[in-house]
Amino acid sequence: MSARLLDGARVAASIREQLRPRAEVFAARAGRPPGLGIVLVGTHAASEIYVRNKLKAASDVGCRAELFRLPERATLADVLDTVRRLNIDEAFDGILVQDPLPSAMGSGASQAVFDVIDPAKDVDGFTPINAGLLSQGRSVLAPCTPSGVIALLQREGIAMSGSHAVVIGRSDIVGKPMAMLLLHQHATVTICHSRTRDLPALTRQADILVAAVGRTAFVRPEHVKPGATVVDVGINRVTDSGEVAALFPEGSPRLADFARRGSVVVGDVHPAVAEVAGALTPVPGGVGPLTIALLLQNTVTAAEARAGWSASR
Ligand code: NDP
């Protein structure tokens, strides 16, 4: 393997370390810790794990996170009512509605939720106001996953200014804000998507290639310029033994993981890209831990901003 691994878990730990004193100072002045309200609808197995991790990570840095559970049969109106209650509850500085919402709520449900969350408590950075502020380069609460990628690149000394960054994916939660944040770091940015023609010709120009596609091992060595920095945002759970055997060479610890658990998490980047890239985020342990660290950072930032204490940061 030639690529340097960019250790997201280590950077996330250091961000959490820096948050603890800020949360303490806030709690001492406000008489309460920064508060995060998490709304979980239904019983989606992966969401249960994500929410449990967020609750634990919040309490580890001195925030108070509370879970609001709604049943699978809850309506969109029920979710919006819960959000409106959290909007006016002074104990909560941040509101997060765990994705995905039940499909019965319709394809526009998430957007309807983002339209209702108070932008000052929008720790996901998904409300139209915060998306607009982000495009103007003056956002306070930017989406956690792309912000985490920027923090990782900065702390690992990857130069963004003047580089050509190519983002595969244009979702509102990852691809678009990722492109915007890279632009604010003075990268020249190309955004690719499912209608892009001759994708490898574009991705091979990238000094920094970000994969946010949602397709297992989609980015292959032929997509990557030798020495490029490759950021793998993807989280794909693979349960097929043939697929796992085709991805990882014999003797790989990932095969042992699969034998033990019956599944492995694989990114959007093929493992063989490590032979071509100069630096690469692993999956797991790359971008994932940063998302939670940045969520907590946004919670503390929102608490300080709502109290008018942002200057103390
Ligand atoms: P979406 O499904 O919303 O977006 C996927 C994007 O990939 C779309 O813009 C789509 O294009 C594009 N795409 C799909 N197929 C191709 C193709 N053949 N060629 C080029 N582009 C293609 O996914 P998300 O943005 O929500 O998430 C992306 C990945 O990141 C997922 O694996 C998800 O699990 C992961 N993720 C990880 C997080 C973390 O904490 N690490 C947090 C959030 C997400 P089009 O718009 O044309 O359809």
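We number each residue from 1, following the sequence as shown. Note that ligands are numbered from 1 as they come in the structure, with each ligand's atoms numbered from 1 the same way.
With hydrogens and angles left out, the side-chain atoms of Thr301 and Arg22 include a donor and acceptor closer than 3.5 Å.
The two atoms that bring Pro271 and Phe248 nearest to each other are CG-CE2, 3.5 Å, heavy atoms only.
Between Leu134 and Asn130 the shortest side-chain heavy-atom distance does not fall below 4.5 Å.
Remark: Asp60 pairs with Lys56 by the salt bridge (charged side-chain N to carboxylate O under 4.0 Å, His left out) rule, at least two apart or across chains.
Here the options are Arg306, Arg64, Lys121, the test is salt bridge (Lys or Arg N to Asp or Glu O under 4.0 Å), and the partner is Asp93; only Arg306 passes.
Around ligand 1 you find Thr145, Ile168, Gly169, Arg170, Ser171, Ile173, Val174, His193, Ser194, Ala212, Val213, Gly214, Arg215, Phe218, Val233, Gly234, Ile235, Asn236, Asp268, Val287, Gly288, Thr291, each with a heavy-atom distance below 4.0 Å.
Using a 4.0 Å cut-off between a side-chain N of Lys or Arg and a carboxylate O of Asp or Glu, Glu90 and Arg32 do not qualify as a salt bridge.
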